[in-house]
Amino acid sequence: MHGLTRETITEAARLVYQAMPATPQYAWPLLSERLNCAVWVKHENHTPTGAFKVRGGITFIHWLKRTYPGVQGIVTATRGNHGQSLALAASAAGLSALIVVPQGNSVEKNNAMRALGGTVIECGRDFDEAREEAARLADVHGHYLVPPFHVEMLKGIASYALELFTAVPDLHTVYVPIGCGSGICAVIAARDALGLSTQVVGVVSTEAAAAKWSFEAGAVLQTPSADTFADGLAVRRPIPSAFAIYRTGAARIIAVSDAEIADAMRVYYTDTHNLAEGAGAAALAGLMQERPAMAGKTVGVILSGGNVDRAVYARVMG
């Protein structure tokens with residue numbers, strides 16, 4: 001379905017490594033002790049934007065410049081990490097970047113996007129409404145509308161999964177958060193390209209469970225709202241092209257509550273002294289929920305980002 005091979009992912013990784021080094025994966029003893037299994041954490045909070053998305057921004061903008069040499073700028077919608085990745089890559093390529101976020105979006109993510117060269121516009125009640133405004137602005141300005149999911153992004157994002165599977169090929173299960181789906185699709189693509197049998201488990205918020213509902217129904221469904229403090233998970237409707245990959249490639253999708261996510265954020269700090277944003281801690285929350293089933297196994301969790309506002313983190317840490 002995804003059509004990615006080891007060669008295409010390795011080629012994308014070469015582009016990524018021109019802008020950043022590979023991120024580490026560590027087996028933290030305190031986490032393993034707590035969860036009664038060998039837990040490997042993939043540290044995508046250690047990238048230049050503090051989240052995994054930067055990899056896809058780099059490969060996408062490289063493709064865009066090659067395919068549309070006359071392009072002047074891009075427009076996209078985001079809750080923050082996708083926007084940071086595109087602001088960084090677009091600025092480096094000399095393109096303008098208009099980034100639409102919903103009203104009340106993370107102040108610190110907005111500031112980071114501006115610092116990376118993006119123009120941030122607040123519009124809409126949630127991510128899905130921000131996407132509508134982004135499409136309108138792309139028409140008005142004649143800029144390229146960057147979708148939340150694209151195969152050229154997937155190639156770059158899959159480089160993190162290639163690193164993880166190359167370092168730890170015997171993973172029984174990997175837990176991955178699902179927002180728009182590029183992270184889980186990247187893990188599935190790399191697993192398949194390497195011919196591994198690792199189970200991939202998607203993790204959504206109980207307050208934004210459209211991906212889980214859709215997975216179980218076998219068709220794209222949407223939720224009326226996506227009201228979770230884990231903004232990277234706050235999507236009301238799956239992206240169909242991403243859903244097509246994870247509906248067949250994932251073993252299952254589980255839902256975790258905001259309370260479980262907050263608990264996982266605290267555990268990351270206590271056991272590894274790493275900062276995780278809500279979506280970044282969701283995979284660990286999923287493993288914590290399924291702890292009995294994973295006893296004695298070798299398990300991976302994707303710490304997909306650490307971009308949490310100070311006030312939110314202070315509340316969580318209490």
Side-chain angles (χ1 to χ4, degrees), residues 1-5 8-9 12 42 44 51-53 55-56 59-60 79 81-82 127-128 131 147-162 164-165 171-223 226 228 230 232-256 261 279-280 282-287 289-290 299-305:
M1 182 72 75
H2 47 73
L4 267 59
T5 64
T8 55
I9 300 170
K42 181 56 171 166
E44 288 298 286
F52 76 98
K53 297 268 191 183
R55 298 170 183 265
T59 52
F60 180 84
R79 290 303 303 264
N81 290 335
H82 170 74
F127 169 73
D128 297 83
R131 281 183 71 192
F149 184 87
H150 190 282
V151 71
E152 296 299 329
M153 280 174 210
L154 189 58
K155 288 176 185 174
I157 293 168
S159 63
Y160 88 68
L162 186 68
L164 176 62
F165 284 129
L171 288 167
H172 177 277
T173 301
V174 177
Y175 290 84
V176 197
I178 302 180
C180 289
S182 58
I184 190 170
C185 291
V187 173
I188 290 165
R191 177 203 61 191
D192 293 352
L194 294 170
L196 300 174
S197 58
T198 307
Q199 289 200 346
V200 178
V201 178
V203 185
V204 297
S205 164
T206 52
E207 308 313 300
K212 182 178 193 293
W213 292 3
S214 301
F215 181 82
E216 288 164 4
V220 173
L221 302 175
Q222 79 175 48
T223 54
T228 169
L233 305 179
V235 176
R236 281 193 275 129
R237 184 176 188 274
I239 308 295
S241 49
F243 175 66
I245 296 171
Y246 63 73
R247 73 175 288 188
T248 55
R252 60 189 173 280
I253 296 177
I254 61 176
V256 292
I261 291 169
L284 179 59
L287 170 57
Q289 190 183 95
E290 293 199 340
V299 182
V301 290
I302 310 303
L303 201 178
S304 57

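Position 1 is the first residue of the sequence; numbering continues from there.
- Between S304 and A279, the closest heavy-atom pair is OG-O, 3.6 Å.
- One N or O on the side chain of R247 and one on the backbone of G218 form a donor-acceptor pair closer than 3.5 Å.
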Checklist line | Intermediate values then yes/no, side-chain contact (heavy atoms from CB on, under 4.5 Å), L303 and L284 | finding: CA-CA 8 Å; L303 201 178; L284 179 59; over 6 Å; no
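- Looking only at side-chain heavy atoms (C-beta outward), R252 and Q199 come within less than 4.5 Å of each other.
- Although no hydrogens or angles enter the test, the distance criterion places no donor-acceptor pair under 3.5 Å between the side chain of Y246 and the main chain of V200.
- A heavy-atom distance below 4.5 Å is not found between the side chains of P238 and F215.
- Counting only distance, with no hydrogens or angles, the side chain of T198 and the backbone of L171 share a donor-acceptor pair below 3.5 Å.
- Put simply, CH2 on W213 and CZ on R237 are 13.5 Å apart, with the number rounded to the nearest 0.5 Å.
- No side-chain heavy atom of T228 sits under 4.5 Å from any side-chain heavy atom of T206.
- Taking CG from D192 and OG1 from T248, the interatomic distance works out to 8.0 Å, rounded to the nearest 0.5 Å.
- T8 pairs by the side-chain hydrogen bond (donor to acceptor under 3.5 Å, both in side chains) definition with T5, not counting sequence neighbours.
- Proximity of a side-chain donor or acceptor of R191 to a complementary backbone N or O of G249 within less than 3.5 Å is detected.
- Between the E207 side chain and the L233 main chain, no donor and acceptor come within less than 3.5 Å of each other.
- To the nearest 0.5 Å, atoms CZ (F149) and SG (C180) are separated by 9.5 Å.
- The backbone N or O of L221 sits less than 3.5 Å from a side-chain atom of S214, completing a donor-acceptor pair.
- The two atoms that bring I261 and A230 nearest to each other are CD1-CB, 4.0 Å, heavy atoms only.
- Closest approach of H82 and P147 over heavy atoms only: CE1-O, 3.5 Å.
- In this structure, L164 CG and L194 CG are separated by 10.5 Å, a value rounded to the nearest 0.5 Å.
- With sequence neighbours excluded, no residue satisfies side-chain hydrogen bond (donor to acceptor under 3.5 Å, both in side chains) with T59.
- Nearest heavy atoms, A234 versus A208: CA-CB, 4.2 Å.
- Shown here for R55 and S159, the closest heavy-atom pair between the two residues is NH1-OG, 2.8 Å.
- Checked options V299, V203, I254, T173; the residue passing with E290 is I254 (criterion: side-chain contact (heavy atoms from CB on, under 4.5 Å)).
- The line from OG1 of T223 to NZ of K212 is 13.5 Å long, rounded to the nearest 0.5 Å.
- In this structure, L154 CG and C185 SG are separated by 6.0 Å, a value rounded to the nearest 0.5 Å.
- Between A190 and A158, the closest heavy-atom pair is CB-O, 4.1 Å.
- Judged by distance alone, the side chain of N81 and the main-chain N or O of A51 form no donor-acceptor pair under 3.5 Å.
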